[in-house]
Each structure stands twice: as structure tokens, then as C-alpha cells.
Amino acid sequence: MFRLVVLALALSLSVTTDGTGSTPPPETGTEAPPATTVQKQAVPVPVQRAPGVGEPCGARNGPGSARCAPGLECVKSKKDKKGAGSRTGVCACKNDYEVCGSDGVSYGTACELKAASALAEAEGKTGIKVQHKGKCQKAPTIVTPPGEVWNVTGSQVFLSCEAKGIPTPVVTWNKISSDKKKMLLLPGDQDNLAIQTRGGPEKHEVTGWVLIFPLTTRDAGSYECHASNAKGEDSAVGTIHVVDSISDIPTKKVVQDDEL
Ligand SMILES: *[C@@H]1O[C@H](CO)[C@@H](O)[C@H](O)[C@H]1NC(C)=O
């Protein structure tokens with residue numbers, strides 16, 4: 001009889017030590033009061049995904065009464081606000097500025113980025129975060145290189161160069177000397193040469209020109225168009241040929257035929 005009591009005591013003791021040792025502490029909220037469950041069921045919105053961009057919101061009750069997804073706001077047209085009828089709106093992005101994603105891609109809004117991130121995550125890829133406001137920075141690229149021009153002395157010639165990048169690159173010109181080692185930053189001190197730069201034709205694009213008048217034999221040679229911004233640089237070379245007579249100027253067709 002005494003042995004049995006001791007055994008029972010030992011058993012209960014081992015149970016208590018085992019209980020505190022390996023099982024987690026009892027959760028306080030495991031047994032929720034039935035009232036909470038009832039309240040949850042009373043909410044008219046079915047448990048589902050919050051409405052995204054362009055989806056209805058703002059209704060008193062029913063399917064259009066759900067709150068817009070995070071980062072979105074419910075936009076109601078003025079007509080609907082005044083009218084006594086339906087007060088539903090459409091979910092729209094709170095911030096309509098461009099953002100640069102951690103994937104190096106520019107997005108129209110943070111909401112577009114979020115949608116792309118969700119898609120990426122659904123495909124098992126890593127999500128995309130906002131890196132900074134505005135478009136992603138991009139090193140310059142020369143869109144249209146300067147090419148070549150031919151003309152006689154005394155004529156007016158120009159080379160043009162179109163570059164793009166974010167921020168918009170700065171275009172400079174260098175005359176490459178005949179020994180191909182020295183670069184002279186233009187315009188230098190020549191009074192028959194001018195440099196011009198203008199933004200465009202498109203956003204983040206810039207076009208630069210070297211204008212020469214009157215053309216002299218000294219102006220013949222290679223001209224480097226150089227585009228640079230905080231992200232990097234690019235360059236392309238154009239050539240000015242000074243010919244003896246107009247008849248020596250190759251037409252575009254001839255040049256193309258020679259190249260083919
Ligand atoms: C050569 O220069 C003349 C006069 O400046 C100009 O009218 C003509 O278009 C030029 N020719 C070429 C092929 O650039």
C-alpha cells in the first residue's frame with residue numbers, strides 16, 4: 001500500500017517535470033470565448049484577399065465593402081459622393097510616383113512593384129522591394145552615333161550624337177588627334193567650331209552637335225562623342241572627311257553598297 005503511494009507520487013512527479021521540460025507553455029488564447037467566434041462570423045465580408053487596383057470598395061456592405069489592399073486607397077467619384085445611391089469606389093494606388101525596384105526595374109507606382117513582387121513570389125522567386133523613389137538609374141548609351149560626313153573646304157558640316165541614360169547624361173566632344181593618342185576637348189580655341197547640346201528628343205535623352213563652318217582641311221578626322229552620368233559612360237566616334245570637290249562626296253546609296 002505504501003509502495004503504491006510512492007509509485008504514484010513518483011509518477012506524478014515525473015509527469016510534471018516532463019510537462020515543463022519538453023512541451024511549450026500553455027497558450028493563453030487557445031480557448032477563445034465563444035463570443036469572438038460569433039463576432040467573426042457576423043462580419044459581412046467573406047474571408048478573402050483584399051481588393052487590388054481597379055477593384056470595387058467603399059460600399060456599405062456586400063461584396064464591394066472590403067478594404068483595399070495595403071498601399072491602396074478607395075477612390076470614389078464626386079458623383080457617387082453626392083448621390084444617395086451607391087457609394088462604391090475603386091481601389092487605386094495611394095502614391096502615383098515611379099519607384100525603382102530591388103530588381104533594377106522601374107515601376108510606374110509602388111503598387112505595380114507590389115504586384116510584380118507577388119507574381120515573382122508566386123513563381124518561387126525572391127520578392128521585389130522599393131529601392132528608391134523615381135526611375136532606376138541607368139548608365140548612358142549612345143542611341144545614335146555621329147556617323148560620317150564628307151564635304152569641301154568652306155562648306156558647313158555637323159556631326160550629331162544622341163545619348164540616353166538616367167539621370168540624363170552630359171555629352172562632350174573630343175577631337176582625336178591623328179596619332180590617335182591625344183584627345184582635345186572641344187570646342188577648344190577654334191573659331192570655326194561650335195558645340196551645341198539640347199535635351200530630347202525623348203525624356204532622359206540628350207543630343208549634342210559639333211558644327212563646323214567654314215570647313216578647313218585641318219578639321220578632317222575623328223570626333224568622339226562622350227556621354228556620362230553618375231552610373232557610367234559611353235562613347236562613339238564620327239568622322240569628318242574633307243574632299244577636293246563635290247563630286248568626291250559619296251552618296252548614301254554608294255556607301256551602303258560598299259558596306260554590303
Ligand atoms: C556640303 O556643304 C554644303 C554647303 O554647306 C551643303 O549644302 C551640303 O548639303 C553639304 N553636303 C553634304 C553631303 O553634307
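Predicted, not measured: the structure shown is a model, and the values here were computed from it. In listed order, ligands and their atoms are each counted from 1.
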*asked:* So does Cys136 get a backbone contact from the side chain of Ser106, meaning a donor-acceptor N/O pair under 3.5 Å?
replied: yes

*Does Val149 come within less than 4.0 Å of ligand 1, judged by its heavy atoms?*
no

_Numbered atoms and elements of ligand 1 in range of Ile249, under 4.0 angstrom, heavy atoms_ = 13 (C)

*Check each atom of ligand 1 against the heavy atoms of Gln156 and keep those under 4.0 Å away; list them by number with element.*
2 (O), 5 (O)

*asked:* Please check: side-chain N/O of Ser177 versus main-chain N/O of Lys182, any donor-acceptor pairing under 3.5 Å?
replied: yes

*Of the side chain and backbone of Trp150, name the one, both, or neither that has a heavy atom under 4.0 Å from an atom of ligand 1.*
backbone

_Please list the nearest protein heavy atom to atom 4 (C) of ligand 1 with its residue and the distance rounded to 0.1 Å._
Ser155 CB, 4.0 Å

*So do the side chains of Val242 and Thr216 get within less than 4.5 Å of each other, counting heavy atoms only?*
no

*With distance as the sole test, does Asn229 use its side chain to make a donor-acceptor pair with the main-chain N or O of Pro167 at under 3.5 Å?*
yes

_Point-to-point distance, once rounded to the nearest 0.5 Å, from CD1 of Ile249 to OG of Ser155_ = 7.0 Å

*Answer yes if a protein heavy atom lies under 4.0 Å from atom 11 (N) of ligand 1, otherwise answer no.*
yes

_Any protein heavy-atom neighbour for atom 2 (O) of ligand 1 (distance below 4.0 angstrom)?_
yes

*For atom 9 (O) of ligand 1, what's the nearest protein heavy atom and its distance?*
Asn151 ND2, 4.8 Å

*Could you give me the CA-CA distance, side-chain angles and deciding distance for Cys161 and Cys225, then say whether disulfide (SG to SG under 2.5 Å) is met?*
CA-CA 7 Å; Cys161 178; Cys225 160; 1.9 Å; yes

